[in-house]
Number of protein chains: 2
Amino acid sequence: MALGKDYATQECSIASALEVIGERWTLLVIRDAFYGVRRYNDFLVHLGIPRAVLAARLQTLTAQGILEKRRYQESPPRDEYVLTDRGIALWPTLWALGLWGREHLTGVRLRAFRHADCGTDLGRYGECPACGTVVPVPDVEVVPGPGLNQEPADPVSRALLRPKRLLQPVEVDPV
Amino acid sequence: MALGKDYATQECSIASALEVIGERWTLLVIRDAFYGVRRYNDFLVHLGIPRAVLAARLQTLTAQGILEKRRYQESPPRDEYVLTDRGIALWPTLWALGLWGREHLTGVRLRAFRHADCGTDLGRYGECPACGTVVPVPDVEVVPGPGLNQEPADPVSRALLRPKRLLQPVEVDPV
DNA sequence: CCAAGTTGGTTCAATGACCGAACCGAGGCT
DNA sequence: AGCCTCGGTTCGGTCATTGAACCAACTTGG
């Protein structure tokens, strides 16, 4: 977007935030990172994003300290992208956005989000109604619902059909 | 963006939401609507957005039922754009985004948001810590802080320097 | 009445972002 | 050697955004 041009004059933390995460695809990359997607190729097939755009987004997100590029094997050298604390702090935003989309657009609940400790569905603000506390992101369990396509083409979507916690890396079956 | 092309396949309420409000400028238009901006020209000068883009955004937001175009005088015919319930439901998202921007990017608190009934600053989820309840959007009072430019060029920014409630229309002084 | 101003747009050419496909290089496997 | 995977880069074509100019309806000032 090269947002800075106009957004910078906005004297507003919302505008500043949008400069960083407001570009096309960016929030979907971050959503996938919460779902445990970590590798270039997995983002690629799961999002259907152009390669050049993905490379650019990963680079700016890394530069902004939202993702961290981390070497996870030496030979061949391979890196993964994981959310930093700053990235994890975006969870309430994503949660609110998803809630709005579900209630005002799709109308269907495709996945359930639960407090892993007690199995209770999260409330409107991401809290656990049973425990009365805000649930830390790693304690949120994602349970895919029946509304999802059960035979998706790409292996990442297939791996995400299993319940798992947020941030926990997806295990993509090699074909 | 003409997002639908790829986003539609995403089986995700976040993706659906981004199709509707993910385009450049859209969320800033909505933010301004919360601040009480209602008229084409006021959006224009406050955001510094190209006219054609503003017209396009207002049209899609109206078509999506997020804004409502409402005739407020007959002669000359003049319309204003006001948030619908669906639009007002975006407040938690905007709040979360603004909080993230303030804590992780700008670091400065430019405006205070308070529960108008008791004057208490809102908590992290937009609740009133004193009353222990979620504050309805029209009961949120915006108090501009000293970090803001006190002599902004455009009349809308100047009008917004006075404390007021969300959704309450701005009163722009004619020059 | 006429001229100028206000409001809310539309149109247009130029620029920039995004797209999909092709290519590339490092390293491993057989 | 030859082929595969992973993580990119490069490239031409297309689509969105930009800023400036133009336009139409109506009002106000003289």
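All of these numbers come straight from a predicted model, not from anything done at the bench. Reminder, nothing fancy here: chain letters follow the sequence lines and each chain counts from 1. Reckoned from all heavy atoms, side chains included, excluding hydrogens, waters and symmetry mates.
In this structure, B:Asn41 does not reach the C:dG8 phosphate: none of its side-chain N or O atoms is under 4.0 Å from OP1 or OP2. Look at B:Arg78 and you won't find any side-chain N or O under 4.0 angstrom from OP1 or OP2 of D:dC26. Not one side-chain nitrogen or oxygen of B:Tyr72 sits closer than 4.0 Å to the OP1 or OP2 atom of C:dT7. Phosphate proximity of C:dC19 to A:Trp25: present, with a side-chain N or O under 4.0 Å from OP1 or OP2. A close approach under 4.0 Å does occur between a side-chain nitrogen or oxygen of A:Lys69 and OP1 or OP2 of D:dG8. One finds no side-chain N or O of A:Arg51 lying less than 4.0 angstrom from the OP1 or OP2 phosphate oxygen of C:dC19. For D:dT9, the OP1/OP2 oxygens have no side-chain nitrogen or oxygen of A:Tyr40 closer than 4.0 Å.
We find that CD1 of A:Ile49 is positioned 13 Å from C1' of C:dG20, with the value rounded to whole Å. One can place CD of A:Glu23 at 9 Å from C1' of C:dA17, the figure rounded to the nearest angstrom. One atom, CZ of A:Arg71, and another, C1' of C:dA26, lie 11 Å apart when rounded to the nearest Å. Atom CG of B:Leu54 is separated from atom C1' of D:dA16 by 16 Å (rounded to the nearest Å). The distance from atom CG of A:Asp79 to atom P of C:dA26 is 16 Å, rounded to the nearest whole Å. Atom CG of A:Asp42 is separated from atom C1' of D:dG8 by 15 Å (rounded to the nearest Å). A straight line from CG of B:Leu44 to C1' of C:dT6 spans 13 Å, rounded to a whole angstrom. If you measure from atom CZ of B:Arg24 to atom C1' of D:dC15, you get 15 Å, rounded to the nearest angstrom.
Side chains of A:Tyr72 and A:Arg39: a donor-acceptor N/O pair is present below 3.5 angstrom, by distance only. Under 3.5 Å, the side chains of B:His46 and B:Asp154 contain no donor-acceptor pair of N or O atoms.
Counting non-hydrogen atoms under 4.0 angstrom, B:Phe43 reaches nothing in the nucleic acid. Within the nucleic acid shown, A:Val53 comes within 4.0 Å of sugar-phosphate atoms alone, with no base atom in reach, counting heavy atoms only.
Picking from D:dT10, C:dT7, C:dG27 the nucleotide with the shortest atom distance to the side chain of B:Arg39 gives C:dT7. The side chain of B:Pro50 lies closest to D:dT18, out of D:dT9, D:dT18, D:dC6. The side chain of B:Arg57 lies closest to D:dT17 when the candidates are D:dC26, C:dC18, D:dT17. When each of D:dT18, D:dC26, C:dG27 is scored by its nearest atom to the side-chain atoms of A:Pro77, the top-ranked nucleotide is C:dG27.
When each of A:Glu74 and B:Leu58 is assigned the nucleotide of DNA chain C with its nearest heavy atom, B:Leu58 is the one assigned upstream, toward the 5' end.
Ion pairing between a basic and an acidic side chain is recognised when a charged N comes within 4.0 Å of a carboxylate O; A:Glu103 and A:Arg109 show no such pairing.
Side-chain rings of A:Trp95 and A:Phe113 approach one another, their centers coming within less than 6.0 Å.
Between B:Leu122 and the choices B:Leu99, B:Val135, B:Val134, the side-chain contact (heavy atoms from CB on, under 4.5 Å) rule is met once, by B:Val135.
Considering all non-hydrogen atoms of both residues, B:Glu11 and A:Arg111 come closest at O-NH1, 3.2 Å.
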